[in-house]
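Atoms within a ligand are numbered from 1 in the order they appear, just like the ligands themselves. Only this structure's heavy atoms are used, side chains among them; waters, hydrogens and symmetry mates stay out.
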Amino acid sequence: MEGGDQPSEKGQSIVGWDLEAAAARGKLSPMSASTENNCEGGELLLEELLVRHRAAFCERFGDSGEIRLFFSPGRVNLMGAHLDYNGGPVMPMTVHNGTFIAARGRTDKKLRLATTFGVETHELDLVRLPDRALGAWVDYPLGVARALLDQVEAPFGLDLLFGGNLPIGAGLSSSASICVGTAFALDYMWGSSLAPGARVQAALTAEREFVGVQCGIMDPFAVGYACPGHLLWLDCKDESLEHLPLDFSKVRIAVIDTNVRRQLAHGEFNQRVDECRQAFEALVPFAAGATCLRDIPISVLEEHFDNLVPAVARRARHVVTEVARTFTAREALIDGDLAVFGAQMSAAHRSLAKDFEVSVGELDCLVDAALEVDGVLGSRLTGAGFGGCIVVLLDAAACQDLEAQVTAAYQRDFSQTPKMWFFEGDAGPRELEL
Ligand code: GLA
């Protein structure tokens with residue numbers, strides 16, 4: 001399973017890591033859309049999926065010795081869209097779909113890496129890991145191994161088999177899932193007892209310095225600092241974080257996949273990052289002490305709006321208004337006012353569609369259909385946009401209506417049945433003893 005040249009095509013029902021962050025920036029193609037062995041039964045319990053994963057490991061690497069099993073979740077972002085690389089606050093939550101890792105220690109210093117999504121096995125020498133990315137999925141675990149080896153001794157080599165049940169390119173951060181998950185598995189296998197923050201940093205170093213993706217910090221933080229039943233409040237300017245409870249006795253978070261995967265998204269994401277940088281550079285002379293676009297007051301943007309390139313001005317308007325909406329959502333969550341929280345999500349979608357221009361017709365159709373459902377509190381696209389998933393906050397009692405009405409609308413407008421999940425947050429990277 002080398003990274004394929006083409007992203008997955010619309011409508012394919014395949015699972016695995018999407019390597020979203022890299023793919024979104026054009027650094028690496030997502031995995032090829034091989035369908036063999038890809039559908040690991042999204043409805044099965046995690047334990048069952050991991051038992052199957054262990055069987056796949058035995059087929060690939062033989063069944064002698066102790067095989068250990070690890071899971072690392074994906075994430076969905078509820079508020080703070082496109083704010084992480086602008087120094088703003090974000091409110092993500094882990095989901096219970098993610099990356100599976102089966103691992104076994106070796107008596108030598110070899111690292112063998114394979115995946116259920118392809119047939120190749122990459123065999124490397126732990127004491128001489130490549131210092132350049134290979135341009136394949138394996139760069140993620142390899143980059144993490146390199147980052148960890150700067151901090152810890154590797155007492156022995158490992159055989160590792162990766163797999164998973166996150167939809168490809170859908171905005172649920174499979175790249176952070178695999179990177180933080182690899183850091184966790186290596187840490188546990190080698191007994192190095194790293195703090196969660198060190199694993200998150202290794203994941204970030206892998207993506208930024210080895211894979212070569214200038215990703216924001218939201219995704220690895222969301223995965224590495226997961227707390228079930230809570231949203232993470234992460235201020236990307238000073239990296240301070242807090243876990244804010246969401247009352248899952250009353251509400252649910254639904255994620256609905258358009259099945260749209262746009263290759264164009266690669267360049268478009270980079271363009272948004274660049275437009276935000278341009279906006280900051282143009283406005284910073286009028287905002288004393290500002291260090292990122294998040295710091296630009298709305299009054300300063302309003303005063304200079306017409307002097308900016310129109311698209312740059314609109315991108316900046318999304319960012320500064322999204323910062324305000326995200327703070328409002330935080331207060332609403334703390335006050336238990338989920339109607340106000342949901343209204344911020346829906347306003348965020350309008351801003352993402354009109355000002356940030358990262359929505360597509362399929363996302364708008366799902367959001368509009370969701371907002372028609374009694375008991376839906378708010379809805380917006382999640383992840384980078386251009387396709388992928390929407391996220392919906394709704395009353396727990398409204399799940400069936402949501403499923404029926406959104407499915408009907410999507411079938412009517414796009415002749416497809418969208419895939420849908422309900423999430424309550426996940427406990428984060430962990431070993432499962434099965
Ligand atoms: C992608 C990136 C994240 C973040 C979101 C937009 O998912 O990987 O870092 O920028 O887009 O909020």
Side-chain angles (χ1 to χ4, degrees), residues 7 17-28 30 73-95 140 166-180 200 203-204 206-208 211-225 231-237 239 255 257-258 260-262 264-277 292-294 315 318-319 321-323 325-326 329 344-345 348-349 351-353 355-360 363 380-391:
W17 323 278
D18 51 345
L19 306 187
E20 173 193 342
R25 295 160 182 82
K27 286 287 181 184
L28 187 69
R75 67 96 189 91
V76 58
N77 188 28
L78 277 82
M79 284 304 299
H82 287 271
L83 290 193
D84 59 349
Y85 57 85
N86 286 303
V90 295
M91 298 180 83
M93 183 191 84
T94 40
V95 300
Y140 287 85
L166 276 173
I168 289 184
L172 301 179
S173 198
S174 49
S175 57
S177 175
I178 187 174
C179 285
V180 180
V200 167
L204 262 177
E207 283 207 64
R208 287 179 172 168
V211 180
V213 177
Q214 286 315 307
C215 53
I217 68 170
M218 172 172 74
D219 301 345
F221 271 72
V223 174
Y225 290 103
L231 302 187
L232 181 71
W233 170 268
L234 170 64
D235 190 320
C236 298
K237 189 172 172 185
E239 299 188 3
V255 171
D257 191 352
T258 58
V260 175
R261 309 288 185 261
R262 290 277 162 93
L264 263 186
H266 309 168
E268 298 265 13
F269 185 95
N270 287 342
Q271 201 185 333
R272 295 302 179 279
V273 175
D274 193 52
E275 287 163 338
C276 289
R277 183 191 52 74
C292 51
L293 192 52
R294 170 258 180 90
R315 308 304 182 243
H318 166 73
V319 170
T321 58
E322 180 74 354
V323 169
R325 282 187 292 271
T326 306
Q344 305 314 304
M345 291 173 67
H349 184 78
S351 174
L352 285 164
D355 276 347
F356 220 63
E357 295 180 275
V358 292
S359 192
V360 293
L363 287 164
R380 48 155 282 202
L381 68 84
T382 190
F386 313 107
C389 292
I390 69 158
V391 56

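Near His82, with a cut-off below 4.0 Å to any heavy atom, the atoms of ligand 1 are 6 (C), 12 (O). Near Tyr85, with a cut-off below 4.0 Å to any heavy atom, the atoms of ligand 1 are 10 (O). Close contacts of ligand 1 with Asp219, meaning ligand atoms under 4.0 Å from a residue heavy atom, involve 2 (C), 3 (C), 7 (O), 8 (O), 9 (O). Close approach of ligand 1 to Asp84 is summarised as follows: ligand atoms under 4.0 Å from at least one heavy atom of the residue are 3 (C), 4 (C), 9 (O), 10 (O). Interface of Ala384 with ligand 1, defined as ligand atoms under 4.0 Å from a residue heavy atom, comprises 1 (C), 7 (O), 11 (O).
Electrostatic pairing of Arg272 and Glu357 does not count as a salt bridge here, judged by no charged N lying under 4.0 Å from a carboxylate O. Between Arg294 and Asp235 there is a salt bridge, since at least one side-chain N of the basic residue sits less than 4.0 Å from a carboxylate O of the acidic one.
The aromatic rings of His318 and His82 lie perpendicular to each other, with more than 60° between the two planes, well past the 30° mark.
Residue-ligand proximity: Gly171 is placed with every non-hydrogen atom at 4.0 Å or more from ligand 1.
In summary, of the residues considered (Asp84, Val223, Leu232), a side chain to side chain contact (heavy atoms under 4.5 Å, CB included) with Met218 occurs for Asp84 alone.
Contacts of Val90 with ligand 1, taken as heavy-atom pairs under 4.0 Å, are absent altogether. Contact annotation for Arg75 and ligand 1: only side-chain heavy atoms (C-beta onward) come within less than 4.0 Å of the ligand. Using a 4.0 Å cut-off between heavy atoms, Ala81 contacts ligand 1 through its backbone alone, with no side-chain atom that close.
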